[in-house]
J.: 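The structure that follows is given in the form of structure tokens.
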Amino acid sequence: MFAIACIAVLASCTQKEPITLEVKTQYGVLEGFEEDGVKKFLGVPFAQAPVGELRWKAPQPVQAWEGVRSAKQFGDDPMQPNIFGDMSFRGSGRSEDCLYLNIWTTAATTADALPVLIYFNGGGLMAGSGSEPRYDGSSISKEGVICVTANYREGVFGFFAHPDLTASSEYKGSGNYGFLDQVAAIKWVKENISAFGGNPDKITIVGESAGSFSVSLLMCSPLSKDLIAGAMLSSGAEVLPFQPTSQADADAAGAELLKQAGISSLADAMALNADSLQKLLPPRGMSSVVLDGYFMKESADEVFEKGQQAQVPLLAGWNSLEGTPLQTLRDKAPTLENYKNAMKAQFGDMTDEIFKAYGLETDEDVLSQKGLDLASDLFTGFPTWKACDYHAKSGLPVYRYHYMHPRPQVSAKMGDKVGALAGGVREKTKDEKKAEAQQPAIAPGAVHSADIEYAMGTLSNNEYYDWNDDDYAISKLFLTYYANFCKTGNPNGKGLPQWTAITKDNLDAAPVMKIDVESKEVASPEKENAYRTLEKFYRSKK
């Protein structure tokens with residue numbers, strides 16, 4: 001009888017529960033909707049609203065609700081000014097009450113235990129939202145991966161430190177609230193995703209730009225590194241040459257910021273409404289992570305060097321046109337001499353050595369892929385490479401890519417507009433119109449953030465460009481690599497170009513997947529030497 005009872009208990013524990021449009025979480029029942037075979041649960045709170053006394057505090061667990069809560073529309077987007085005017089949002093507005101996530105699932109039952117992808121948006125830690133159409137999870141969910149996008153506090157609401165905040169917090173730190181929101185989102189997913197047919201032990205996190213920097217930190221934070229099964233970086237990592245800020249320096253900077261804004265005390269800042277606060281304390285560029293002794297106790301470099309980061313597979317890469325030499329040359333002719341002179345302010349005595357390592361030897365090289373590689377590496381390429389290098393040296397598999405494919409032309413129906421940084425379009429300026437005929441030609445490539453719609457299968461959500469068959473084929477390939485990685489920790493699959501992992505045994509000629517119309521794996525000792533040379537420079541400046 002005892003054995004029969006045990007079997008009955010085991011059967012009940014593994015019983016399949018159908019995934020309907022009403023899902024019971026640990027905090028209450030959510031009602032979503034279905035569209036094109038995908039169940040969607042939007043605007044799901046994963047923490048209490050960080051308003052009032054909870055402004056500039058670590059996120060607090062969401063409070064349970066009675067009855068059925070509608071999850072059919074996106075929650076408010078994070079507070080942010082229009083930094084990137086071409087960003088497109090689907091949230092109901094912008095407010096401090098922004099800690100919501102969104103779920104796309106095709107699971108039929110809880111026994112499906114599908115892998116999970118959590119995407120953290122880019123935007124310099126100043127802008128962006130999980131509601132942006134380019135991060136939509138419908139396509140990857142159809143590949144058998146539950147997709148989650150999660151908001152986090154940005155700008156002054158997410159990354160403001162102050163001596164009084166530090167003194168009053170339980171962990172005696174302040175300034176990392178946006179990162180702590182990301183941790184809270186991962187924990188909510190870990191605790192609740194099984195009710196949506198997901199596997200809480202198969203969570204992969206990914207981000208682009210600021211989201212990628214965030215993921216590299218989440219791989220190192222003691223609060224999150226053991227919660228994930230995989231990580232993907234898209235254009236960025238918070239490692240060399242980026243350095244964290246001490247709590248004392250962050251506190252001093254916050255106090256000075258209030259002083260410059262004419263705000264006499266933290267209490268006065270707390271009393272301001274969100275709009276007034278944002279006007280007085282606008283975002284000032286991507287923040288450094290603060291060594292608050294809680295989210296981060298030491299730099300990500302130190303964690304990686306000790307091999308104490310998340311022990312998971314990593315897929316990471318960046319784009320071929322993250323930056324251009326023209327940004328440094330400004331109005332000067334793109335000659336080798338002018339470019340060297342412009343870079344001497346940064347590279348000093350190592351200028352010739354770095355240029356030689358990148359193969360920059362003639363005027364023609366400056367605006368070729370060689371010149372674009374150096375400019376791109378100085379923006380996001382090198383730190384992403386270094387995170388890959390650290391991770392592979394730890395004995396963990398790393399799948400590195402270089403995304404090469406340029407977006408197509410802006411659709412003619414957009415009129416006289418040009419592509420913009422966040423995937424939208426903007427008006428062409430008078431100076432741009434005037435300079436068009438004189439603009440030197442640069443090698444074509446994929447600009448910063450151009451990979452997002454391809455990797456997430458959301459090209460059709462962006463009506464600004466004339467997508468063609470090549471674009472959709474590349475997107476299908478990229479999306480499949482993403483989905484396979486979430487499922488197995490390995491992007492490879494039947495019919496796909498073979499992608500070899502970088503390990504500590506092949507670092508000198510690391511295999512890299514070049515994603516383009518004809519995607520293929522390449523290994524270049526010369527390029528690895530260029531990265532090592534740039535690393536030598538950065539370490540000489542520490």
Side-chain angles (χ1 to χ4, degrees), residues 209 235-236 240-242 285 317-386 402-410 416 418-421 426-451 512 514 516-517 522 524-541:
S209 193
S235 301
L240 193 72
F242 297 95
W318 60 96
N319 298 351
S320 61
L321 191 52
E322 298 275 359
T324 97
L326 296 176
Q327 294 163 320
T328 303
L329 286 163
R330 299 186 184 276
D331 295 328
K332 292 185 173 143
T335 66
L336 184 66
E337 181 181 6
N338 284 343
Y339 195 27
K340 276 190 175 182
N341 288 336
M343 295 306 300
K344 278 181 180 177
Q346 179 172 353
F347 293 145
D349 293 340
M350 279 193 67
T351 302
D352 287 342
E353 184 178 355
I354 291 171
F355 270 55
K356 182 178 180 182
Y358 274 84
L360 290 164
E361 299 175 346
T362 68
D363 290 348
E364 289 71 26
D365 291 335
V366 174
L367 296 184
S368 73
Q369 190 59 53
K370 296 174 183 178
L372 300 185
D373 282 346
L374 177 57
S376 296
D377 289 346
L378 294 176
F379 179 29
T380 67
F382 177 81
T384 315
W385 170 85
K386 189 57 204 172
H402 199 199
Y403 185 67
M404 313 295 293
H405 188 65
R407 287 193 186 110
Q409 294 294 316
V410 172
D416 195 22
V418 293
L421 189 61
R426 60 174 173 78
E427 296 291 340
K428 193 179 296 183
T429 66
K430 291 182 179 179
D431 288 341
E432 285 173 330
K433 293 177 182 178
K434 183 178 180 181
E436 269 186 337
Q438 305 170 351
Q439 183 80 5
I442 62 174
V447 297
H448 185 63
S449 88
D451 56 315
V512 178
K514 298 279 187 179
D516 205 337
V517 175
V522 299
S524 173
E526 296 79 11
K527 193 64 203 293
E528 297 307 308
N529 177 62
Y531 298 133
R532 298 287 174 203
T533 305
L534 202 53
E535 179 179 19
K536 174 183 172 183
F537 165 74
Y538 284 131
R539 291 201 181 280
S540 73
K541 298 300 178 182

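What you see is a predicted model; the values in this text were computed from it and never measured. Just so you know, residue 1 is the first one in the sequence shown, and it goes up from there.
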J.: Which class fits the ring pair F347 and F355: parallel under 30°, tilted 30 to 60°, perpendicular over 60°?
T.: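 Correct class here is perpendicular.
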J.: Is Q409 atom CD crowded by more than 12 heavy atoms from other residues, nucleotides or ligands, each under 6.0 Å away?
T.: no
J.: To the nearest 0.5 Å, tell me how far L372 CG sits from L326 CG.
T.: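 It comes to 8.5 Å.
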J.: Salt bridge or not between K356 and E353? Use side-chain N to carboxylate O under 4.0 Å.
T.: no
J.: Does the side chain of H448 come within less than 4.5 Å of N319's, by heavy atoms?
T.: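 When only atoms from C-beta onward are counted, H448 and N319 do not touch, as no gap falls below 4.5 Å.
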J.: Check A446 against S320 and note the closest heavy-atom contact, atom names and distance.
T.: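 Answer, listing the atom of A446 first, then S320: N-OG, 3.0 Å.
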J.: Using side-chain heavy atoms (C-beta onward) and a distance below 4.5 Å, is L378 in contact with L534?
T.: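 Side chain of L378 against side chain of L534, heavy atoms only: contact under 4.5 Å found.
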J.: Hey, can you tell me if W385 and F382 have their rings parallel, tilted or perpendicular (30° and 60° cut-offs)?
T.: tilted
J.: Could you go through the side-chain contact (heavy atoms from CB on, under 4.5 Å) check for K527 and D373 one step at a time?
T.: CA-CA 9 Å; K527 193 64 203 293; D373 282 346; 3.7 Å; yes
J.: Quick one: are T533 and M350 in side-chain contact, heavy atoms under 4.5 Å?
T.: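 Contact flag for T533/M350 side chains = yes.
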J.: Quick one: CG on N341 to OG1 on T351, what's the gap to the nearest 0.5 Å?
T.: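 Rounded to the nearest 0.5 Å, the CG-OG1 separation comes out at 9.0 Å.
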J.: To check you understand the geometry: which heavy-atom pair defines the closest contact between T328 and A342, and what is its length?
T.: CG2-CB, 3.6 Å
J.: Mind checking side-chain contact (heavy atoms from CB on, under 4.5 Å) for A375 and listing every partner two or more places apart, or none if nothing turns up?
T.: P325, Y339
J.: Does any non-hydrogen side-chain atom of T362 lie less than 4.5 Å from one of K370?
T.: no
J.: Is there side-chain contact between D451 and W318, with heavy atoms separated by less than 4.5 Å?
T.: no
J.: Drop me the distance from S449's OG to R407's CZ, to the nearest 0.5 angstrom.
T.: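 So the gap between those two atoms works out to 4.5 Å.
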J.: What is the minimum heavy-atom distance between T324 and I442, and which atoms define it?
T.: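 Distance-wise, the nearest heavy atoms are CG2-CD1, 4.2 Å.
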J.: List the atom of Q369, the atom of P444, and the distance in Å for their closest heavy-atom pair.
T.: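 Looking at all heavy atoms of both residues, the closest pair is OE1-O, 4.3 Å.
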J.: Taking side chain as C-beta onward, heavy atoms only, is V366 less than 4.5 Å from T335?
T.: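 Contact flag for V366/T335 side chains = no.
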J.: Measuring from atom NZ of K514 to atom OH of Y403, what distance do you get when rounded to the nearest 0.5 angstrom?
T.: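 The distance works out to 13.5 Å.
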J.: Are H402 and M404 side-chain neighbours, meaning at least one heavy-atom pair lies under 4.5 Å?
T.: yes
J.: For atom CZ of R539, is the number of surrounding heavy atoms from other residues, nucleotides or ligands below 6.0 Å larger than 12?
T.: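 Yes, the 6.0 Å shell around CZ holds more than 12 heavy atoms from other groups.
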J.: State, yes or no, whether a side-chain contact exists between S540 and F537 at a heavy-atom distance under 4.5 Å.
T.: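 When only atoms from C-beta onward are counted, F537 and S540 do touch, with a gap below 4.5 Å.
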J.: Identify the two heavy atoms, one from E322 and one from T380, that lie closest to each other, and give their separation to 0.1 Å.
T.: CD-OG1, 3.2 Å
J.: Between CG of D377 and NZ of K386, what distance do you get to the nearest 0.5 Å?
T.: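 Answer rounded to 0.5 Å: 13.5 Å.
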J.: Is the count of non-hydrogen atoms from other residues, nucleotides or ligands lying under 6.0 Å from E337 atom CD greater than 12?
T.: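 Result for CD/E337: open.
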